[in-house]
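A short write-up of the structure that comes next.
In listed order, ligands and their atoms are each counted from 1. Any value given below was found using the heavy atoms of this structure, including those in side chains, with hydrogens, waters and symmetry copies removed.
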Amino acid sequence: MRHVTMRRAAAVLLALAASSPALTGCAGPAAGTAAQLVGVAMPTTTSARWIADGKNVSAQLRALGHSVDLEYAENDVSKQISQIETMIHDGADVLIIAAIDGSKLKGALADAAAAKIPVIAYDRLIRDSPDVDYYATFDNARVGLQQATTLLQGLGVLAPSGEPTGATGPFAVELFAGSPDDNNATVFYDNAMSVLTPYLDSGVLVVPSGQTDFATIATKDWSGDVAATRMATLLPAYDGTGLRLAGILSPYDGISIALLKATSGIGYGTATQPWPIVTGQDAEVASVQSIMADEQYATVYKDTRQLAEVAVSMVEAVLNGDEPRTNDVTSYDNGVVIVPAYLLTPQVVRKNNYEQVLVDSGYYTKEDLG
Ligand code: BGC
């Protein structure tokens, strides 16, 4: 890697410094890594997961003795760019970036590269730039597969085992995708569609609005309000068809909750008009509570503590002049380079396992969900 030679030289100096009697016994970073400044750029505080990500990454870096500049850009791309530029200007030694618009950071990353600052893409791939060193994320393809599979299981098209039940429907569903500027959104969508398409083709699933292509169903900024507004425009397609909205492919819990609210506004969620099956992602508190109340059907849990650990271990490795551990060096082509990645495993959460997965693991307390 580009930075490794320089970092290796730095590591030798650090090792020498660490053996200095003056430094022994100091609390601080692990052997061989001097305290450094790490810039952490997060997208928004409007979603609980990113708040948790920022907290976890900062806490783990600080526990290793590093200083942290944690910034949130509230989904404002130019604000995120200027935050990154400030981090570079302030002498950050490594950057961890969860991009808002994955294709707009090329210039900022070129500046980071000129200053020899390694960049770790966090959760979202940074596209169209050669200056992305590593990528810490979840298996995004699997997230999309899980979302589609849970939709089909909730509808009864697939059994809990994943085997087709033979149900023929037709089940009326509507599809929502994430923000078009987030690389993850396309990965979730493509993989979800790979599961749903055969059922759409055979007529087991129907989309009365006719809206299925990514550009049409994408939701700018993953905004619940944007999704709910679009939902309102879809419902006239049901008039006179006798069809009931049976399911919604939702890519993210904030969207799921907004869509459940929108459907309750038109009479869903009653004994005669049950809730549609709604998927999600992130296991946010409001969605777990909704699952507990038999409203949202499922979510995909991504343990942000683990993601923070992966990103922080990448930071430690690059600071030591080592190669971080990766487990996927082929999937994430950002248009210019294939970014070596470490993928964590996402997990489906529904009513029958939320306690075991989320509470027993300490991700939430019972009170958090109370
Ligand atoms: C993340 C998801 C999250 C979404 C909205 C995506 O990039 O991977 O976990 O639900 O952004 O914040």
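Distance from atom 6 (C) of ligand 1 to its nearest protein heavy atom, with residue and atom name: Asp182 OD2, 3.4 Å. Among all non-hydrogen protein atoms, the one lying nearest atom 1 (C) of ligand 1 is Asp123 OD1, 3.2 Å. Among protein heavy atoms, atom 3 (C) of ligand 1 sits closest to Asp282 OD2, 3.3 Å. Atom 12 (O) of ligand 1 has its closest protein heavy atom at Trp50 NE1, 2.9 Å. Taking atom 11 (O) of ligand 1 as the reference point, the nearest protein heavy-atom neighbour is Arg124 NH2, 2.8 Å.
A donor-acceptor contact closer than 3.5 angstrom links the side chains of Trp222 and Asp182. Of the N and O atoms on the side chains of Asn184 and Asn140, at least one donor lies less than 3.5 Å from an acceptor on the other residue.
Taking a cutoff of 4.0 Å between a charged side-chain nitrogen and a carboxylate oxygen, Lys366 and Glu355 qualify as a salt bridge. A salt bridge links Lys220 with Asp181: the closest approach of a Lys/Arg side-chain nitrogen to an acidic carboxylate oxygen falls below 4.0 angstrom. The existence of a salt bridge linking Lys79 and Asp76 is excluded, since no basic side-chain nitrogen approaches an acidic carboxylate oxygen closer than 4.0 Å.
Considering Val94, Leu95, Asp93, Val310 as possible partners of Val315, the one that fulfils the side chain to side chain contact (heavy atoms under 4.5 Å, CB included) test is Val94.
Taking a 4.0 Å cut-off on heavy atoms, Phe138 fails to register as neighbouring ligand 1.
Those atoms of ligand 1 that come under 4.0 Å of a heavy atom in Arg49, given as number and element, are 1 (C), 2 (C), 8 (O), 9 (O). Below 4.0 Å from some heavy atom of Lys302 lie the following atoms of ligand 1, by number and element: 1 (C), 2 (C), 8 (O), 9 (O).
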Where do Thr186 and Asn183 land on the side-chain hydrogen bond (donor to acceptor under 3.5 Å, both in side chains) test, with the steps shown first? CA-CA 6 Å; Thr186 334; Asn183 188 70; 5.1 Å; no

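Checked by distance only, ligand 1 and Tyr252 stay at 3.5 Å or farther apart across all their nitrogen or oxygen atoms.
Of the heavy atoms in Phe188, only side-chain atoms (C-beta onward) come closer than 4.0 Å to ligand 1.
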